[in-house]
Amino acid sequence: MDHPENDSSYKGLQVNSGVTSQPITNPYRNARRARRPQLTASEYVEGILKGNVSILGQAVTLVESTAEHHQALAQEVIEKCLPYSGKSRRIGITGVPGAGKSTSIDVFGLHVIGKGGKLAVLAIDPSSERTQGSILGDKTRMEKLSQQPEAFIRPSPSAGSLGGVARKTRETIVLCEAAGYDNIFVETVGVGQSETAVHSMVDFFLLIQLAGTGDELQGIKRGIMEMADGIVINKADGDNIERANLAAAQFRNALMLFPPTPSKWRPEVITYSGYYELNIDKVWDMIDRYFEYAKQTGYFEKKRNEQAKYWMIETINEQLRNNFYRMPEIRALLEQKEMRVLNNEQSSFTAAQDVLNRYFQLLRN
Ligand code: GDP
């Protein structure tokens, strides 16, 4: 009864004219989106060839898009950029998380720019759930480099199979080269299969290792060492220098037991410190010498040709697989067959044959 709202002089329920509150969404967001016209393939190419970073970024987004109309346009842009591509050094960089990839790429990148180069840093990380927002994340990872106008940093295309992610990165390389980036770094986390994918798109493969973590042996087991053209042992600073030198000797010994690389180049082992910027020029000198060697022997050309063939076949494989698995009828049949195989009513091989036969039949109709 004596609640304050029952008092006739209570003001709380009266409507007062107030101030208009701000909308909770950005009112310009859609308007701005709508205003950005979709560029034509030629406009993309023109922008890329002029080195326009914003247009390059948009073109990469197009490459990464899964929408069919984006893909068609992206392929047209890539085709038109192809004649202007191929002139860069493509360098793969791998190492376990914490090995110091970001720190090292930051200083390697500045070194390259200091010598008058332009650098694109791409990544392959199929496990990543990264979205557009993480570009910021990558920029903070490579703090100094991201402030350089000569550097273009792009995180891994997110989502999709390793094959799909790798193909997009490979296509992005073409666009970056056409935009005048004469050094391309492709970074990957050294766990799993992604380093094989990176190896198939770079000229030089750099493995970053740490002293005394037992990675030496893991590396040998996984065959990553066999792919490496250079092994660099990071964090050779302070008390760690001794251990890094010891690890380097172990790596050199281990490498001697390996069969010669296809290029006949003997992979080198160098200790350095990304954080304290020690021996960076030594690492870079090795990479320079490799390129000189590979170009002289013709291996550079040969490897690139092999990679081009590999990517053609990979693209065919991927599209065939997608075409097959996306057919609703095939998916339904696969489900049925799976049951039969699990119930021991049919062998895996005849079940597979039945599904394939149905697929070929569908293609003929
Ligand atoms: P990533 O996961 O491979 O990208 O590794 P980061 O570059 O993020 O480095 C992991 C940690 O190692 C960070 O705390 C770095 O500061 C540190 N670190 C990187 N390089 C060096 C180095 O040369 N010396 C030392 N002492 N620490 C380093």
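Just the heavy atoms: all of them, side chains too, but no hydrogens, waters or symmetry mates, feed the values below. Whatever order the structure lists ligands and atoms in, that order sets their numbers, starting from 1.
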Check your understanding: Given D203, which of R304, K303, R89 fulfils the salt bridge (charged side-chain N to carboxylate O under 4.0 Å, His left out) condition?
Key ->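 The residue from R304, K303, R89 that satisfies salt bridge (charged side-chain N to carboxylate O under 4.0 Å, His left out) with D203 turns out to be R304.
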Practice item. Using side chain to side chain donor-acceptor pair (under 3.5 Å) as the criterion, point out the one residue from H69, E68, Q75 that pairs with Q71. Key: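 By the side chain to side chain donor-acceptor pair (under 3.5 Å) criterion, Q71 pairs with just one of H69, E68, Q75: Q75.
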Practice item. Give the C-alpha distance, both sets of side-chain angles, the deciding distance and a yes or no for side-chain hydrogen bond (donor to acceptor under 3.5 Å, both in side chains) between T61 and R154. Key: CA-CA 10 Å; T61 305; R154 186 85 188 189; 3.1 Å; yes
Nearest to [atom], what protein heavy atom do you find, and at what distance?
| atom | value |
| --- | --- |
| atom 8 (O) of ligand 1 | S102 OG, 3.8 Å |
| atom 2 (O) of ligand 1 | G98 N, 2.8 Å |
| atom 20 (N) of ligand 1 | N234 ND2, 3.2 Å |
| atom 18 (N) of ligand 1 | K235 CE, 3.6 Å |
| atom 21 (C) of ligand 1 | Y275 CB, 3.3 Å |

Point to revise | Any non-hydrogen protein atom less than 4.0 Å away from atom 28 (C) of ligand 1 | key: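 Within 4.0 Å of atom 28 (C) of ligand 1, protein heavy atoms are found.
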Any atoms of ligand 1 less than 4.0 Å from a non-hydrogen atom of [X]? List them with their elements.
| X | result |
| --- | --- |
| S273 | 22 (C), 23 (O), 24 (N) |
| P97 | 2 (O) |
| A99 | 3 (O) |

Check your understanding: Under the side chain to side chain contact (heavy atoms under 4.5 Å, CB included) criterion, do T66 and K168 qualify, and how do the steps go?
Key -> CA-CA 10 Å; T66 46; K168 287 170 184 180; 3.9 Å; yes
Point to revise | Which segment of V96 sits under 4.0 Å of ligand 1 when only heavy atoms are counted | key: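 For V96, the contact with ligand 1 is made by the backbone alone.
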Check your understanding: Looking only at heavy atoms, is any part of T103 under 4.0 Å from ligand 1, and if so is it the side chain, the backbone, or both, or is it neither?
Key ->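 Both backbone and side chain of T103 come within 4.0 Å of ligand 1.
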**Study point:** Heavy-atom neighbours of Y275 OH exceed 12 at 6.0 Å
**Key:**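 No, the 6.0 Å shell around OH holds no more than 12 heavy atoms from other groups.
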Practice item. Decide if atom CZ of R289 counts as having more than 12 heavy atoms of other residues, nucleotides or ligands within a radius under 6.0 Å. Key: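 Count over threshold, so yes.
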Test your reading of the structure: does [X] have an N or O sitting under 3.5 Å from an N or O of ligand 1?
| X | answer |
| --- | --- |
| D237 | yes |
| Y276 | no |
| S104 | no |

Check your understanding: Going by distance alone, is a donor N or O of one side chain under 3.5 Å from an acceptor N or O of the other, for Y359 and N323?
Key ->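 A pair is found: one side chain offers a donor N or O, the other an acceptor, under 3.5 Å apart.
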Review point. For K337 and Q346, what are the C-alpha separation, side-chain angles and deciding distance, and is it a side chain to side chain contact (heavy atoms under 4.5 Å, CB included)?
Key: CA-CA 8 Å; K337 290 289 179 186; Q346 195 176 10; 3.1 Å; yes
Review point. What orientation do F185 and F108 show, parallel under 30°, tilted 30 to 60°, or perpendicular over 60°?
Key: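 Answer is perpendicular, since the angle exceeds 60°.
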Point to revise | Proximity flag G95 to ligand 1, non-hydrogen atoms under 4.0 Å | key: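 Outside the 4.0 Å threshold, so no.
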Review point. Which atom pair, heavy atoms only, marks the closest approach of N183 to S88?
Key: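 The pair with the smallest heavy-atom distance is N-CB, 4.1 Å.
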